[in-house]
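Read the structure below first, then the notes.
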Amino acid sequence: MYTINTKNKVMGMVRSFSLFYLFTFLPLTSVAQTTTTSLTVYQSFQPATIHLNDGRQLKVGFANIFLKNSGLLYISGQETKEANLKTLTKVDFKDRTYYRIDSVLAYQVDTVNHQPLYCAQRIDVVAWRGMLVNNRQLTNIELGDMVTYSAAELTNQQDIHFPLINVYYLQINGKYVLAHERNLKRVLDKEKRRLMTSVMSEPGFSWTSEASLLKLLKYIQ
């Protein structure tokens with residue numbers, strides 16, 4: 001079990017937490033698509049290169065993406081710390097690069113004519129709370145700064161399944177935009193809004209489908 005202290009370090013302010021327990025999450029409106037038994041993207045912490053705002057590169061031996069908030073965890077000594085995303089631009093892992101978009105880290109799904117589609121993975125708090133309510137094995141539930149539980153049958157973290165949600169971002173005219181009709185309307189001109197409406201009206205279109213979003217990106221860039 002890793003613990004974060006509360007001292008100021010190079011990566012900024014960190015907060016105390018236990019990876020075994022679930023925190024209070026910000027609500028999201030998209031639909032959960034899969035589940036995980038881990039609170040991190042990678043089952044084990046991986047080597048990574050952190051690119052800081054001032055141009056420096058910080059190589060760490062153990063890092064991971066925190067599914068609570070699409071943030072960055074890294075191990076320093078005996079402590080696991082959560083990085084202040086405001087201090088960095090991207091993080092390189094062996095298999096992919098995560099880019100800072102607003103307050104989350106997202107990886108590049110694909111590009112259309114050099115215009116990228118990004119995805120940030122997070123735990124769906126609404127679905128998770130529904131699972132808690134409907135699961136008779138879970139007792140003594142306390143929702144607050146930390147969600148705790150006790151259950152006779154639940155003996156380790158692998159018994160817990162967290163519903164995941166994919167949050168997508170498009171890059172339009174050099175700006176990151178959440179993949180949602182309301183957000184895109186704010187940055188598109190009249191003609192491109194018309195094209196967006198046309199793509200949205202096609203059968204099978206979904207704001208959580210990568211194929212749909214890549215097709216949309218093709219028409220509105």
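The shown structure was predicted, so the numbers you read here are calculated from the model rather than taken from an experiment. Below, all heavy atoms of this structure are taken into account, side chains as well, without hydrogens, waters or symmetry copies.
Counting all heavy atoms, side chain and backbone alike, Asn53 lies closest to Arg100 at OD1-NH2, 3.9 Å. Closest approach of Pro116 to Leu217, counting heavy atoms only: O-CD2, 3.8 Å.
Partners of Asn173 by side-chain hydrogen bond (donor to acceptor under 3.5 Å, both in side chains), not counting sequence neighbours: none found. Not counting sequence neighbours, the partners of Tyr118 by the ring pair (Phe, Tyr, Trp, His ring centres under 6.0 Å) test are Tyr99, Tyr176. For Tyr42, the side chain to side chain contact (heavy atoms under 4.5 Å, CB included) partners two or more places apart in sequence, or in a different chain, are Gln46, Asn64, Phe93, Asp95, Arg96, Tyr98. Qualifying side chain to side chain contact (heavy atoms under 4.5 Å, CB included) partners for Asp102, counting only residues two or more places apart in sequence or in other chains: Tyr169. For Lys86, the side-chain hydrogen bond (donor to acceptor under 3.5 Å, both in side chains) criterion is met by no residue, not counting sequence neighbours. With sequence neighbours excluded, the residues forming a side-chain hydrogen bond (donor to acceptor under 3.5 Å, both in side chains) with Thr49 are Lys59, listed by chain and number. Partners of Thr111 under the side-chain hydrogen bond (donor to acceptor under 3.5 Å, both in side chains) rule, at least two apart in sequence or in another chain, do not exist in this structure. For Asp54, the salt bridge (Lys or Arg N to Asp or Glu O under 4.0 Å) partners at least two apart in sequence or on another chain are Arg56. Qualifying salt bridge (Lys or Arg N to Asp or Glu O under 4.0 Å) partners for Glu181, counting only residues two or more places apart in sequence or in other chains: Lys185. Taking the side chain to side chain contact (heavy atoms under 4.5 Å, CB included) definition, one finds that Ser103 meets it with nothing, sequence neighbours left out.
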Report, one line per pair, each donor and acceptor closer than 3.5 Å where one atom sits in a side chain of residues 192-204; sequence neighbours left out.
residue, atom, partner, partner atom, Å
Lys192, NZ, Ile220, O, 3.4
Lys192, NZ, Gln221, O, 3.3
Arg193, NH1, Leu188, O, 2.7
Arg194, NE, Glu191, OE1, 3.2
Arg194, NE, Glu191, OE2, 3.4
Arg194, NH2, Glu191, OE2, 2.6
Thr197, OG1, Arg193, O, 3.0
Ser201, OG, Ser198, O, 2.6
Glu202, OE1, Lys215, NZ, 2.7
Glu202, OE2, Lys215, NZ, 3.4

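Annotation: side chain of Leu67 is in contact with side chain of Val41 (closest heavy-atom distance under 4.5 Å). Contact of the Phe62 side chain with the Thr80 side chain is not registered, since no non-hydrogen atoms from C-beta on lie closer than 4.5 Å. Side-chain contact between Asp92 and His51 is present, with heavy atoms from C-beta onward closer than 4.5 Å. A heavy-atom distance below 4.5 Å is not found between the side chains of Glu82 and Tyr74.
Every pair tested for salt bridge (charged side-chain N to carboxylate O under 4.0 Å, His left out) that includes a residue from residues 110-120 fails, sequence neighbours excluded, so the list is empty.
Within 6.0 Å of CZ in Arg182 there are 12 or fewer heavy atoms belonging to other residues, nucleotides or ligands.
For the atom pair CZ of Phe66 and OG1 of Thr40, the computed distance is 8.5 Å after rounding to the nearest 0.5 Å. Atom OG of residue Ser70 and atom CD1 of residue Ile101 lie 10.0 Å apart, to the nearest 0.5 angstrom. The CG atom of Leu88 sits 8.0 Å away from the CG atom of Asn84 when rounded to the nearest 0.5 Å. To the nearest 0.5 angstrom, Trp207 atom CH2 is 9.5 Å from Ser212 atom OG. Interatomic distance, CG of Leu178 versus CG of Leu184, reported as 8.0 Å (0.5 Å rounding). Between the CD1 atom of Ile165 and the CZ atom of Arg122 there is a distance of 8.5 Å, given to the nearest 0.5 Å.
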Dump the intermediate steps for side-chain contact (heavy atoms from CB on, under 4.5 Å) on Gln57 and Leu52, then the final yes or no. CA-CA 6 Å; Gln57 296 183 14; Leu52 302 177; over 6 Å; no
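The side-chain contact (heavy atoms from CB on, under 4.5 Å) test with Val91 singles out one residue from Ile65, Val60, Leu72, Thr97, and that residue is Leu72. The residue from Leu117, Val177, Leu214 that alone fulfils the side-chain contact (heavy atoms from CB on, under 4.5 Å) condition with Tyr168 is Leu117.
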